[in-house]
Amino acid sequence: MVVSRATQLILAFVLSCLLALGARADSLASFLPDISPAELSPDADAFGPVRKDVPVAPVLRSGETVAWAFLTSDFVGTTGYSGKPIHVVAAIDADAVLTGVKLVKHSEPIVLIGIPNSRMVELTEGYAGLDLKREAEPGGEGHDLDIISGATVTIMVIDDSLVRGGIKVARALGLGGLSPVQPDGPKREIDMAQDAVSDWTTLSGDGSIRRLTLDIGQINAAFEATGDARASKRPEPGETDDTYIDMHMALVSVPSIGKSLLGEAEYRNLTGWLEPGEHAILVLGRGAYSFKGSGYVRGGIFDRIQLIQGDQSVRFFDKQQRRLGEVAAPDAPSFSELDIFKIPADAEFDPAAPFRLQLLAQRAVGAVEKTFLTFDLGYKLPEHYLLPVAAPTVVNDASDEAAAKAALWQRIWKDRKVEIAALGGMLLLLTAAFFFQFQVTANAQVFYWFRIAFLTATLFFVGWYANAQLSVVNLMALAGSLRTGFTWDAFLLDPLVFIQWFAVAAALLFWGRGAYCGWLCPFGALQELTNKIARACRVPQWTLPWGLNERLWPLKYMIFLGLFGLSMVSIPLAEKYAEIEPFKTAIILKFMRDWPFVVFALSLLAVGLFVERFYCRYLCPLGAALAIPARVRMFDWLKRYKECGSPCQTCRNECPVQAIHPTGEINPNECVTCLHCQVLYQSETKCPVVIRQLKRREKVGSAPLKMPLGQPPVNHPNAKPQTAS
């Protein structure tokens, strides 16, 4: 009966962990209580309920609707440089004009480069008064883009989300005379059977390759036309007819174009890279200006180009880009930049419809300040690549939406299969080490370096590379998820986090919280590794008195319960106070954050130089949250002697986190399963029990025998007596 109850608790926690994987579903209704109606429309005094058909809320003045409030992320993708959505609430009136804009939530690390958040807020609110009718006419080019130098991607995302999201709202509600875009007819399809190879001249002549060329004189004239004297004073160096940029583009997911420009081998690689519903463009460039720039990094965005089709736009991340060695067409000119960019399936890209590649040209006007202009390279696939018009088909919007969501997470898992395999390998290795702990800990030096290597992989791969640091915020989000509902698709969007939570839930059944806290937590690894360095540098280590150590343990449980209780009232407020976790600062943002957060994280690490894993032991709410269900674990793997604690105190004195009581028992709530006590358990130089047993065997002349798999060494006190043949 006890086992049944324990199993129920474990299963409940597994479900809780999986539910917690999804971040809180930010919605318009969740943000409106913190916004004054007058901030979105002058003299407005209330908001109406959010509509069921379109996620907008009426902005009321004396009971009459004067505008409609909407959340940009409800209508368009708003993923910023941080990889998380930038949430902006805006209001649009009956004439399709934005009456108010408010930046409500973002995770952009813009403060790292000295940009105050207030400037971001000011620029965002400056979109009030934007006429979306003008934006809809030229395809989103009815205003000049105001860029903050150093926050290019963030501003472009905000601009794009307001313009395209606003147009979608206007069309959905029929504001300003705008109406939903009706398809001209059945959707055209590419003729995939057509794969004839053509030369560069032919492809350029029929429009398969499109070109944008700017010379030095043209770009200087364009910046002078802006009226910005600072830009005029810093002209691009060179002769007026020198090339500023010569950029070509082609849709290489079309077989004939792809084989002509990439060659047979590269085209096969391309088709293997693309998933169903995905397309790719080849962008070629030469001249003084790079369409890529040098600012993109792993996980970053190419901020100088974006693909625009109708009300949709696509920005390319580094994982959506591949370099091309050379153009296969023999008569092609030479280029300094040759790059293939993948258009994801969820972008709803229609290869048969016109689109454009927008180039962002920049010019320094100060030490760190820049000004920007945009230029468009238009593209329309020639008619002869398309199949004849097909008869219209009836589609199920609900099933299409579900299929699109499933395709999205499946694509993410396929894109990250290398990282998934690496994490799976780490989990299998750790599991094997736990199951065969006698063998793993038999040699103290080998085990020491095994642990150091594993923690290093945890820090650099799981933490700094993959950003797969678990957080108590995941668990707090459970309450919100239960109230608002959830879909499994959302949980699967971050495969490494999903796999880790599943592994943690399983590990709680076998080993308790130590499997994660002691081996897989990147910040825990950072603490231990820095402490090892401190020890090597002879930094003195402080051992807290047992009474003080024991009384500090409850702190992390108090912190967790406080945060969890606060999440019942307000999840955003709880997330704010959850900054007591330094994980975001030290692991996700790699210390590139506002100085108070950096000082806090560094202070915890500094204390950890003297008291190993200080934060884990006394302050970590995630560790406390995992320790609570870990009490129902089914097995006790750590071996002890009856002499442990009475009289022997070796393990207690050497336990890195002081998790062993003076009486000898291990506190499972505090143990991080570092297995150091298991090294001592069979140490021939430190464990009095082993030393005494060896001396006895020496007296009777017992010969050492080989160690059976899964059993203690034969010279170990727990080994079964054996005789040599």
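For the numbers below, each heavy atom of this structure counts, side chains included, while hydrogens, waters and symmetry mates do not.
- With a 4.5 Å cut-off on side-chain heavy atoms, Leu203 and Ser260 count as touching.
- Checking side-chain atoms of Ser256 against main-chain N and O of Ala196 turns up a donor-acceptor pair under 3.5 Å.
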Does the side-chain contact (heavy atoms from CB on, under 4.5 Å) test come out yes or no for His87 and Thr72, once each step is laid out? CA-CA 6 Å; His87 297 294; Thr72 55; 5.7 Å; no

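- In this structure, a donor-acceptor pair under 3.5 Å is absent between the side chains of Asp215 and Thr243.
- Salt-bridge check for Arg322 with Asp339: failed, with every basic side-chain N at 4.0 Å or more from each acidic carboxylate O.
- Between Leu386 and Asp191, every side-chain heavy-atom pair lies at or beyond the 4.5 Å cut-off.
- Side-chain contact between Tyr465 and Phe460: absent, with no pair of heavy atoms (C-beta onward) separated by less than 4.5 Å.
- Between the side chain of Arg210 and the main chain of Lys380, a donor-acceptor pair closer than 3.5 Å is present.
- For the residue pair Ser290/Glu337, the side-chain donor-acceptor check at 3.5 Å is satisfied.
- Of all the heavy atoms in Ala231 and Thr371, the pair that sits closest is CB-CG2, 4.0 Å.
- At a threshold of 4.5 Å between non-hydrogen side-chain atoms, the residues Val252 and Tyr267 do not count as touching.
- Side-chain contact, Asp199 with Thr202: a donor N or O sits under 3.5 Å from an acceptor N or O.
- Salt-bridge annotation for Lys414 and Glu419: absent, with no side-chain N of the basic residue lying under 4.0 Å from a carboxylate O of the acidic one.
- Within a 6.0 Å sphere centred on CD of Glu326, other residues, nucleotides and ligands contribute 12 heavy atoms or fewer.
- Side-chain N or O atoms of Ser336 include one that pairs as donor or acceptor with a backbone N or O of Gly285 at under 3.5 Å.
- Looking only at side-chain heavy atoms (C-beta outward), Arg286 and Met247 stay at 4.5 Å or farther from each other.
- Under a 3.5 Å cut-off, the side chain of Gln469 and the backbone N or O of Cys521 do not form any donor-acceptor pair.
- The aromatic rings of Trp200 and Phe335 sit tilted, their planes meeting at an angle between 30° and 60°.
- With contacts defined as side-chain heavy-atom distances shorter than 4.5 Å, the pair Arg363/Glu236 qualifies.
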Go through it in stages, so that I can follow the logic: the residues are Ile86 and Leu103, the test is side-chain contact (heavy atoms from CB on, under 4.5 Å), and I'd like the CA-CA distance, side-chain angles, deciding distance and then a yes or no. CA-CA 8 Å; Ile86 300 173; Leu103 177 62; 3.8 Å; yes

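- Counting only distance, with no hydrogens or angles, the side chain of Glu266 and the backbone of Gly263 share no donor-acceptor pair below 3.5 Å.
- For Thr213 (side chain) and Asp246 (main-chain N/O), no donor-acceptor pair under 3.5 Å exists by modelled atom type.
- Among residues two or more places apart in sequence or in another chain, the salt bridge (charged side-chain N to carboxylate O under 4.0 Å, His left out) test is passed with Glu239 by none.
- Annotation: side chain of Asp376 is not in contact with side chain of Leu359 (no heavy-atom distance under 4.5 Å).
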The test is side-chain contact (heavy atoms from CB on, under 4.5 Å); show your working for Tyr127 and Val88 and say whether it passes. CA-CA 11 Å; Tyr127 277 83; Val88 178; over 6 Å; no

Run Leu520 and Val504 through side-chain contact (heavy atoms from CB on, under 4.5 Å) and show every step you take. CA-CA 9 Å; Leu520 293 169; Val504 166; 5.5 Å; no

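- Between Trp273 and Ile340, some side-chain heavy-atom pair lies under the 4.5 Å cut-off.
- Listed by chain and residue number, Tyr289 satisfy the ring-ring contact (aromatic ring centres under 6.0 Å, His included) test with Tyr244 (two or more places apart in sequence, or in another chain).
- With ring centers used as reference points, Phe355 lies under 6.0 Å from Phe349.
- Checked by atom type and distance alone, the side chain of Lys168 pairs as donor or acceptor with a backbone atom of Phe75 at under 3.5 Å.
- A donor-acceptor distance shorter than 3.5 angstrom exists from the side chain of Gln309 to the backbone of Asp350, with no hydrogens or angles considered.
- Nearest heavy atoms, Ile305 versus Leu357: CB-CD1, 4.3 Å.
- Aromatic ring centroids of Phe341 and Phe302 lie under 6.0 Å apart.
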Hey, mind stepping through Asp331 and Thr201 against side chain to side chain donor-acceptor pair (under 3.5 Å) and telling me if it holds? CA-CA 7 Å; Asp331 58 336; Thr201 302; 2.9 Å; yes

